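Heads up, the thing below is written out as structure tokens.
Residue numbers start at 1 and run along the sequence shown. Because only heavy atoms are used, hydrogens play no part in the values below, and waters and symmetry mates are left out as well, while side chains stay in. Remember, predicted model here, so these are calculated numbers, not experimental data.
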Amino acid sequence: MAWSDVLNQVTAVRMLRGALASDRVAHAYLFHGPPGVGKRALAIEFARALQCIRGEDEACGACKPCDKVRRLIHPDVRIMLPLPSDATPDDVVAWNRTIVEQPYTTIDYTYRSSKTASKASSNKLPFFHIARIQNELRPLVSLPPVEGRFKVIIMTDSDRLRLEATNAFLKLLEEPTKQTVFILTTSRQDLLLPTIVSRCQRVGFATLPAKVIASALTKNEGIPAEEAHALSRMADGSHSRALELAQSEDLMEDRKFVLQFMRISAVQSTLKQAALIDTLTGFGRERVKRILRLALSWIRDLILKSTHGAPVDIVNVDQAETVTKFVLNLPKADIRAMVELVEEALLLVEHTTNLKLVLTSLSLELGNAMQARHHGRLYVPLTGGPAANVVRSIAYASTTSQSR
């Protein structure tokens with residue numbers, strides 16, 4: 001890679017090149033912004049420039065340190081991923097290999113190496129635990145660089161630090177060792193402790209224009225222009241998401257599941273609802289997340305159609321007739337609340353919330369939002385006031401799942 005290979009993040013690149021040129025490299029950076037827009041790719045390129053033997057504001061790409069960083073084998077550059085509790089060393093090697101092959105790739109933490117695991121997939125969630133901070137990271141930064149100019153630690157998805165790990169990591173940030181550069185990436189800056197954020201130089205990243213994603217898909221992945229355009233529209237500003245869609249063998253089937261889910265939610269057919277949710281739950285957490293993201297693109301098409309009325313450039317062009325019928329048949333639908341409901345469901349699925357519970361609650365509340373104005377929440381804590389009534393769908397879903 002080179003600076004020019006990082007898609008459309010001109011401001012971030014300019015900031016980092018300025019730090020290199022002026023020899024004013026901070027001890028810690030926080031790369032924050034939407035998922036899949038190049039935070040990890042730019043972190044690796046920045047590490048390459050830091051270790052390049054030229055010592056200028058851009059990696060030469062030809063020297064041995066540049067090549068080692070590119071292949072993630074440089075002894076003074078460590079990329080740390082949040083790991084599921086059942087991850088093995090072979091799993092980590094496989095995940096690192098996918099990053100080397102494509103820095104914009106989405107890491108599938110459900111995957112397990114067949115050589116080391118009793119099953120091919122896992123639902124364990126990835127985190128940074130205190131043992132890794134104390135036993136892996138602390139010894140690493142306590143020593144001077146082995147062969148490079150800096151020790152560079154790239155911590156991806158840094159918002160996945162466990163509380164006890166956060167406190168241990170904070171101590172490392174508060175007492176930075178000489179020649180150590182931390183690069184933290186996150187798509188959820190709000191989940192990081194303010195004390196960690198305040199000790200980092202923040203570098204913001206923006207969503208990518210659809211035309212930039214489409215061009216990259218055609219140029220780098222060999223995807224035909226028409227298909228690349230459609231994928232880029234569905235990707236919602238994320239190149240990683242576009243790559244994931246391009247590689248998905250289930251994409252067309254998942255789009256059909258979105259339509260089924262919306263139709264069943266509209267009519268509130270209990271038996272069909274239960275059968276479909278059982279099917280979706282069986283797909284596992286990662287595929288459900290992909291289906292929910294597709295649902296978001298479909299609902300946003302509804303917003304375009306209901307707002308403009310006339311023909312507009314919607315994402316799901318092949319489903320334009322269905323989109324039009326939905327808008328006509330459900331004129332009172334609170335479409336913006338529907339977006340908020342699906343976004344909240346995505347967050348819940350990211351965590352350990354029961355999949356069947358989330359999908360059942362989502363279907364019920366989407367049905368309500370399709371009929372009239374809605375509060376736009378799946379869950380509100382029972383803290384008194386009207387919140388006591390807001391959890392009705394959660395309670396109903398729990399009762400329904402227990403009765404089957």
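Between the Ser215 side chain and the Val212 main chain, no donor and acceptor come within less than 3.5 Å of each other. Distance alone, capped at 3.5 Å, places no donor-acceptor pair between the Thr106 side chain and the Glu244 backbone. Not one N or O on the side chain of Arg78 forms a donor-acceptor pair closer than 3.5 Å with the backbone of Val152. With Asp157 contributing its side chain and Arg160 its backbone, the two residues share no donor-acceptor pair below 3.5 Å. Although no hydrogens or angles enter the test, the distance criterion places no donor-acceptor pair under 3.5 Å between the side chain of Asp91 and the main chain of Ala87. Using a distance-only test at 3.5 Å, with no hydrogens or angles considered, a donor-acceptor pair links the side chain of Ser238 to the main chain of Pro35. Within the 3.5 Å criterion, the main-chain N or O of Trp3 finds no donor-acceptor partner in the side chain of Glu58. With hydrogens and angles disregarded, no donor-acceptor distance shorter than 3.5 Å links the side chain of Asn167 to the backbone of Glu164. Counting only distance, with no hydrogens or angles, the side chain of Asp76 and the backbone of Gly148 share a donor-acceptor pair below 3.5 Å. In terms of modelled atom types and a separation under 3.5 Å, the side chain of Ser363 and the main chain of Leu359 share no donor-acceptor contact.
When all heavy atoms of Thr186 and Lys39 are compared, the closest pair comes out as O-CE, 3.4 Å. The heavy-atom pair separating Ile133 from Ala168 by the smallest distance is CG2-CB, 3.8 Å. Closest heavy-atom contact between Gly36 and Leu208: O-CD1, 4.3 Å. The two atoms that bring Ala242 and Ile213 nearest to each other are CB-CG2, 3.5 Å, heavy atoms only. Contact detail for Leu217 and Ser232: the closest heavy-atom pair is CD1-N, 4.5 Å. Across all their heavy atoms, Val342 and Leu292 have their closest contact at CG1-O, 3.5 Å.
Side-chain polar atoms of Thr177 and Thr180 form a donor-acceptor pair below 3.5 angstrom. There is a side-chain donor-acceptor pair under 3.5 Å between Gln102 and Glu221. Side-chain contact check for Glu365 and Asn368: at least one donor-acceptor pair (N or O, by modelled atom type) lies under 3.5 Å.
Between Phe31 and Phe46, the ring planes lie tilted relative to each other; the angle falls in the 30° to 60° range.
Here the straight-line distance linking atom CG of Leu362 with atom CD1 of Ile277 works out to 8.0 Å at 0.5 Å rounding. Remark: Leu191 CG to Leu161 CG distance equals 11.0 Å, nearest 0.5 Å.
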Please walk me through it: do Glu340 and Arg377 pass salt bridge (charged side-chain N to carboxylate O under 4.0 Å, His left out)? CA-CA 7 Å; Glu340 293 170 4; Arg377 293 295 302 274; over 6 Å; no
List the steps and the verdict of salt bridge (charged side-chain N to carboxylate O under 4.0 Å, His left out) for Arg188 and Asp159. CA-CA 6 Å; Arg188 294 295 308 277; Asp159 50 274; over 6 Å; no
Test Lys64 against Asp67 for salt bridge (charged side-chain N to carboxylate O under 4.0 Å, His left out), laying out the working first. CA-CA 5 Å; Lys64 186 174 290 186; Asp67 182 59; over 6 Å; no
Decide salt bridge (charged side-chain N to carboxylate O under 4.0 Å, His left out) for Arg300 and Asp236; before the verdict, give the C-alpha distance in whole Å, the side-chain angles of both, and the deciding distance to 0.1 Å. CA-CA 10 Å; Arg300 284 165 183 164; Asp236 199 24; 2.8 Å; yes
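Of the residues Met370, Gln371, Gln273, the one that meets the side-chain contact (heavy atoms from CB on, under 4.5 Å) test with Gln268 is Gln273.
In this structure, the side chains of Cys52 and Cys66 come closer than 4.5 Å at one or more pairs of heavy atoms. Put simply, the side chain of Glu101 does not reach to within 4.5 Å of the side chain of Thr105, judged on heavy atoms. Looking only at side-chain heavy atoms (C-beta outward), Pro65 and His74 come within less than 4.5 Å of each other. Phe283 is not listed as a side-chain neighbour of Asp250, based on a closest heavy-atom distance of 4.5 Å or more.
Side-chain rings of Phe182 and Tyr29 stay apart, their centers remaining 6.0 Å or farther from each other. Aromatic rings of Trp298 and Phe326 (six-membered ring for Trp) have centroids within the 6.0 Å cut-off, being under it. With ring centers used as reference points, Phe169 lies 6.0 Å or more from Phe128.
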